[in-house]
2 protein chains.
Amino acid sequence: MKADRTSLSDLLRVSGFKATSGRVEVLGLFIRAGRPLSQMQIMEMLGPRLDRASVYRILSAFTEAGLLHMAYVDGRHRVYELPDKCGHSHCHPHFSCRSCGMTACLEDFQVKCKGSIGKGFVAERQKVLIEGLCPGCKGK
Amino acid sequence: MKADRTSLSDLLRVSGFKATSGRVEVLGLFIRAGRPLSQMQIMEMLGPRLDRASVYRILSAFTEAGLLHMAYVDGRHRVYELPDKCGHSHCHPHFSCRSCGMTACLEDFQVKCKGSIGKGFVAERQKVLIEGLCPGCKGK
DNA sequence: TGATTTTTGCAATAATGTCGCATTTGTGAT
DNA sequence: ATCACAAATGCGACATTATTGCAAAAATCA
């Protein structure tokens, strides 16, 4: 996916948004990061260029428009990511480090489900999270 | 598991707690419910008999002592359950209704994982959550 | 460029969770 | 049974995370 400002702006407009600098920056951040991000992490990366409320609004709007989706909830933080590697209902699993909070997508990790969830229940989405320690926090 | 007050009190004392009425009630709630519960749901069931802060403290203390564990985080709410059906690292999957917030344990639902999470990473716990609609919310 | 509409920043407020401390409640000894 | 001690509770204050209203600013389109 290209990540220059022009193509980001186009992507935003196609999705029905005005291509404001804040939105371009947030979207570019996700594309460059290639990993799930929380509002906190975005704020840290952007500094005070964007208001807290705006980041929340951008994340909600992007998610509603399908530009992002909520990968999982880590402790008290919602973690979002680009949906480019996921189908509508089936998302790849994620890893979350319990020490530093670092997150990663587990694309080579397959999860197979067997069995029924019960009569009358409708499954819409499956979320798998592996918690543990990342290489950096492992030794400590 | 028995759920009368006397055996609950004994269980609490064995775990190193005083068998206060609040703790007996909370533990009894989990045993009778047979499903995961959040602080909010506990408060609703108990009414004003127990303070908010006490419920939080009880849930933390029980979790630390191994009497409960945190099943998953649902939106902004932490959801706890008895660990009687789970190993240390492997917990059965859960279902969460996106409409009413109702939760259930999926004991007949098997999740098989294949592949590596990556070099240097340590997996400690696996959490699987199926989101969807429960029978009651399905038609709406 | 100017008009229109969306988006932002800011401040106020809500929702959720935590902490300190005086008071109350279990517990075990007497 | 009652007493003294330690633990747990209730309450209020505070911390953190998220949302909302509204005036000001920015993007889009004619």
Side-chain angles (χ1 to χ4, degrees), chain A residues 5-29 36-65 67-68 70-80 101 103, chain B residues 5-29 36-65 67-68 70-80 101 103:
Chain A
R5 291 188 81 85
T6 306
S7 61
L8 288 182
S9 299
D10 289 346
L11 177 54
L12 284 168
R13 274 185 286 262
V14 165
S15 302
F17 294 113
K18 284 192 181 181
T20 60
S21 62
R23 290 182 169 175
V24 170
E25 294 210 55
V26 171
L27 185 53
L29 224 49
L37 298 173
S38 67
Q39 176 270 340
M40 276 258 280
Q41 294 172 312
I42 291 167
M43 288 300 284
E44 282 165 12
M45 291 190 243
L46 287 184
R49 266 181 293 172
L50 207 53
D51 188 72
R52 207 157 42 96
S54 299
V55 173
Y56 281 117
R57 279 185 285 225
I58 287 173
L59 291 174
S60 297
F62 281 9
T63 301
E64 198 173 338
L67 237 48
L68 291 177
M70 207 203 293
Y72 58 89
V73 180
D74 174 51
R76 307 245 282 272
H77 302 282
R78 302 171 197 179
V79 183
Y80 296 82
T103 61
Chain B
R5 290 190 80 86
T6 306
S7 61
L8 288 181
S9 299
D10 288 346
L11 177 53
L12 284 168
R13 274 185 286 263
V14 165
S15 303
F17 296 112
K18 284 191 181 179
T20 61
S21 61
R23 294 186 164 176
V24 169
E25 294 211 53
V26 171
L27 185 54
L29 224 47
L37 298 173
S38 68
Q39 174 270 341
M40 277 258 281
Q41 293 171 312
I42 292 167
M43 288 300 284
E44 282 164 12
M45 291 190 241
L46 287 184
R49 265 181 293 171
L50 208 52
D51 187 72
R52 205 160 44 96
S54 298
V55 173
Y56 281 117
R57 279 186 285 225
I58 288 173
L59 290 174
S60 297
F62 281 9
T63 302
E64 197 173 339
L67 238 48
L68 290 178
M70 207 201 296
Y72 59 89
V73 180
D74 173 50
R76 308 244 282 271
H77 302 281
R78 301 173 198 178
V79 183
Y80 296 82
T103 60

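A note on names: the letters A, B, ... follow the listed sequences, proteins ahead of strands, and every chain is numbered from 1.
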Q: Would you please name every residue forming a side-chain contact (heavy atoms from CB on, under 4.5 Å) with A:Ser38, sequence neighbours left out?
A: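 For A:Ser38, the residues satisfying side-chain contact (heavy atoms from CB on, under 4.5 Å) (neighbours in sequence not counted) are A:Met40, A:Gln41, A:His77, A:Val79.
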Q: Near DNA chain D, under 4.0 Å by heavy atom, which residues of residues 47-59 of chain B?
A: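 Within this stretch, B:Arg49, B:Leu50, B:Asp51, B:Ala53, B:Ser54, B:Arg57, B:Ile58 sit under 4.0 Å of the strand.
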Q: State, to the nearest 10°, the angle formed by the axis through the first five base pairs of the helix from C:dT1-D:dA30 to C:dT30-D:dA1 and the axis through its last five.
A: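 End-to-end axis angle for the helix from C:dT1-D:dA30 to C:dT30-D:dA1: 30°, rounded to 10°.
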Q: Do B:Leu67 and B:Leu12 come close enough that some side-chain heavy atom pair is under 4.5 Å?
A: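 B:Leu67 vs B:Leu12: side chains touch.
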Q: In Å and rounded to the nearest 0.5 Å, what is the CG to CD distance from B:Leu50 to B:Gln39?
A: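 It is 10.0 Å, given to the nearest 0.5 Å.
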Q: Sequence neighbours excluded, which residues qualify as salt bridge (charged side-chain N to carboxylate O under 4.0 Å, His left out) partners of B:Asp10?
A: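 Scan of B:Asp10 (salt bridge (charged side-chain N to carboxylate O under 4.0 Å, His left out), adjacent residues dropped) gives B:Arg13.
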Q: Taking side-chain contact (heavy atoms from CB on, under 4.5 Å) as the test, write out the residues that go with A:Thr63, two or more places apart.
A: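 For A:Thr63, the residues satisfying side-chain contact (heavy atoms from CB on, under 4.5 Å) (neighbours in sequence not counted) are A:Leu68, A:Tyr80.
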Q: Going by the rule side-chain contact (heavy atoms from CB on, under 4.5 Å), which residues pair with B:Arg57 if we only count those two or more places apart in sequence or in a different chain?
A: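 If we apply the side-chain contact (heavy atoms from CB on, under 4.5 Å) test to B:Arg57, skipping adjacent residues, the hits are B:Ala53, B:Ser54.
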Q: Return the 5'-most residue of the pair A:Gly22, B:Arg78 with respect to DNA chain C, ranking by each residue's nearest nucleotide.
A: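 Here A:Gly22 is the residue nearer the 5' end.
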Q: Who passes salt bridge (charged side-chain N to carboxylate O under 4.0 Å, His left out) against B:Arg52, sequence neighbours left out?
A: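 Not a single residue meets the salt bridge (charged side-chain N to carboxylate O under 4.0 Å, His left out) criterion with B:Arg52.
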Q: For B:Tyr56, give me all partners under ring-ring contact (aromatic ring centres under 6.0 Å, His included), at least two apart in sequence or on another chain.
A: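 Partners of B:Tyr56 by the ring-ring contact (aromatic ring centres under 6.0 Å, His included) criterion come out as none, since no residue qualifies.
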Q: Give the C-alpha distance, both sets of side-chain angles, the deciding distance and a yes or no for side-chain contact (heavy atoms from CB on, under 4.5 Å) between A:Leu59 and A:Ile42.
A: CA-CA 10 Å; A:Leu59 291 174; A:Ile42 291 167; 3.9 Å; yes
Q: Nearest 0.5 Å please: distance from the CE atom of A:Met45 over to the CG atom of A:Leu37.
A: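 If I round to the nearest 0.5 Å, the distance is 4.0 Å.
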Q: Starting at CZ of A:Phe62 and ending at P of C:dT6, how long is that distance when rounded to a whole Å?
A: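 These atoms are roughly 16 Å apart.
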Q: Under the salt bridge (charged side-chain N to carboxylate O under 4.0 Å, His left out) test, which residues partner B:Arg49, sequence neighbours left out?
A: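 With sequence neighbours excluded, B:Arg49 shows a salt bridge (charged side-chain N to carboxylate O under 4.0 Å, His left out) to B:Glu25, given in chain and number order.
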Q: Rounded to the Å, how far apart are A:Met43 CE and C:dC10 C1'?
A: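 From A:Met43 CE to C:dC10 C1': 13 Å.
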Q: Measuring only between side-chain heavy atoms, which start at C-beta, is B:Leu46 closer than 4.5 Å to B:Val26?
A: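 Yes. Closest side-chain heavy atoms under 4.5 Å.
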Q: Which atoms of nucleotides 24-30 of chain C (N or O only) lie under 3.5 Å from a protein N or O atom, and what are those distances?
A:
unit_1	atom_1	unit_2	atom_2	d
C:dG26	N3	B:Lys18	NZ	3.3
C:dT27	OP1	B:Arg13	NH1	2.5
C:dT27	OP1	B:Ala19	N	3.1
C:dT27	OP2	B:Arg13	NH1	3.0

Q: Quick one: side-chain contact (heavy atoms from CB on, under 4.5 Å) partners of A:Ala65, sequence neighbours excluded?
A: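 So A:Ala65 forms a side-chain contact (heavy atoms from CB on, under 4.5 Å) with A:Phe17.
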Q: Going 5' to 3' on DNA chain D, which nucleotide is the first and which the last to come under 4.0 Å of a heavy atom in chain B?
A: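 Contact span on the strand: D:dA6 to D:dA18.
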